[in-house]
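Here's the structure, in structure tokens; my notes come after.
As the structure is a prediction and not an experimental result, all values here were calculated from the model. Just the heavy atoms: all of them, side chains too, but no hydrogens, waters or symmetry mates, feed the values below. Naming convention: chains lettered A, B, ... in sequence-line order (proteins, then strands); numbering from 1 in each chain.
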2 protein chains.
Amino acid sequence: MSTSEEHPGERITEAEHAVMEVLWDRPRQTAADVCEEVCAQRGWSLATVKTLLSRLVQKGALLAEPDGRRFLYTPAIAREAYVGGESRRLVDRLFGGSAASLVAHLAESEALTDQDLAEIEALLKELRA
Amino acid sequence: MSTSEEHPGERITEAEHAVMEVLWDRPRQTAADVCEEVCAQRGWSLATVKTLLSRLVQKGALLAEPDGRRFLYTPAIAREAYVGGESRRLVDRLFGGSAASLVAHLAESEALTDQDLAEIEALLKELRA
DNA sequence: GCGCAAGGTTTACATATGTAGTCGCCATGA
DNA sequence: TCATGGCGACTACATATGTAAACCTTGCGC
């Protein structure tokens with residue numbers, strides 16, 4: 001059941017993740033573009049964004065496509081893969097690998113609203129079909 | 001705000017979490033006891049466990065109950081709370097706060113086995129009752 | 001042509017984290 | 001009573017992470 005991951009495990013950090021989100025939302029953006037999207041919210045400077053972009057490229061999480069004298073950054077890993085990996089990590093670490101346990105916990109701890117429950121039910125019905 | 005400040009937000013790290021699990025499983029254990037449980041698996045030395053225990057006490061995640069010249073460590077926070085917090089953090093960060101989205105993702109990414117699905121369905125039915 | 005602005009690269013530095021050694025105290029058995 | 005071993009406290013140190021400044025290169029507008 002191994003995911004098609006071959007990077008030795010270059011974890012993406014919290015701060016880096018914020019940058020990834022911007023690029024998943026819209027690929028091929030410059031450092032300035034990314035900053036435009038997050039610097040305000042996170043109180044970062046352009047320099048910080050540059051650093052994070054570099055580190056992400058090094059980690060193989062981003063691709064830097066040359067565009068004249070600058071780079072257009074694009075995710076090298078799909079959001080789905082990342083989200084899946086993180087989710088799995090959580091489930092493994094806290095729920096003994098049982099996703100059902102996670103759902104159970106969410107439900108019991110009232111982290112799920114009635115609407116959530118309805119949505120999940122609908123979803124399950126669909127999956128069963 | 002004295003030393004024994006109660007910070008609900010003091011993050012517990014991966015390594016520290018391993019120690020917490022041992023104590024959640026069985027409270028009031030000494031450093032040596034805890035080591036007994038994890039040193040082998042994680043390849044840690046007793047010293048490492050001691051450091052982690054100290055940090056956890058500082059963070060307010062553990063209580064050190066004096067027992068003669070040593071301490072019996074006990075979780076100061078319930079596992080439920082920790083698990084809930086971590087789950088919520090993940091949901092917020094990756095699923096825009098929608099727990100249902102998480103479940104949807106798990107389902108779609110086949111992280112849920114048929115049995116998981118069945119369990120969840122049963123669970124939902126119960127919650128509806 | 002030339003300086004400036006835009007971009008990436010290097011360097012920086014504090015705090016966090018993983019992992020562990022060392023110090024000093026003291027209860028206990030020889 | 002005295003050496004020992006067990007124990008927490010203090011110290012250590014490399015790497016990771018957050019955050020950013022300094023620096024270097026080069027295309028462009030004037």
For the pair V57(A) and F71(A), evaluate side chain to side chain contact (heavy atoms under 4.5 Å, CB included) and give the outcome as yes or no after the intermediate values.
CA-CA 11 Å; V57(A) 169; F71(A) 286 133; over 6 Å; no
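- Residue R79(A) qualifies as enclosed at atom CZ: its count of foreign heavy atoms under 6.0 Å is above 12.
- Residue L46(B) contributes atom CG, which lies 10 Å from atom P of dG6(D) at whole-angstrom precision.
- Here dT17(D) presents its C1' atom at 14 Å from CD1 of I12(A), a figure rounded to the nearest Å.
- Set against dA21(D), dT19(D), dG5(D), the side chain of R69(B) has dG5(D) as its closest nucleotide.
- Rounded to whole Å, the distance from CD on E16(B) to C1' on dT17(C) is 8 Å.
- Heavy-atom neighbours of E126(A) CD from other residues, nucleotides or ligands within 6.0 Å: at or below the threshold of 12.
- Proximity of a side-chain donor or acceptor of E16(A) to a complementary backbone N or O of T13(A) within less than 3.5 Å is detected.
- Straight-line distance from the CG atom of D67(A) to the C1' atom of dA6(C): 13 Å, rounded to whole Å.
- Note on K50(A): every side-chain N or O is 4.0 Å or more away from OP1 and OP2 of dC23(D).
- Of the listed nucleotides (dC7(D), dA20(C), dA20(D)), dA20(D) has the atom at the smallest distance from the side chain of S45(A).
- Between the CG atom of L56(A) and the P atom of dG8(C) there is a distance of 14 Å, given to the nearest Å.
- Between G43(B) and A31(A), the one whose closest nucleotide on DNA chain C sits nearer the 5' end is A31(A).
- Atom CD of E36(B) is surrounded by 12 or fewer heavy atoms from other residues, nucleotides or ligands within 6.0 Å.
- Out of dG7(C), dG21(C), dC7(D), the shortest distance to the side chain of R70(B) is found at dC7(D).
- Atoms CG (L72(A)) and P (dA6(C)) sit 17 Å apart, rounded to a whole Å.
- Of the candidate nucleotides dG18(D), dA20(C), dG8(C), dG18(D) has the atom lying nearest to any side-chain atom of E14(A).
- Dashed line: the shortest gap from a side-chain N or O of Y73(A) to OP1 or OP2 of dG8(C) is under 4.0 Å.
- Here the nucleotide nearest the side chain of A15(A), chosen from dA20(D), dT19(D), dT17(C), is dT19(D).
- When rounded to the nearest whole Å, the span between CH2 of W44(A) and P of dT19(D) equals 6 Å.
- Contact annotation: T13(B) side-chain N/O to dG18(C) OP1/OP2 distance is under 4.0 Å.
- Between the CZ atom of R55(A) and the C1' atom of dG18(D) there is a distance of 7 Å, given to the nearest Å.
- Of the listed nucleotides (dT19(D), dT19(C), dG8(D)), dT19(D) has the atom at the smallest distance from the side chain of T51(A).
- In this structure, the nucleotide among dA12(C), dT19(C), dG5(D) sitting nearest to the side chain of T48(B) is dT19(C).
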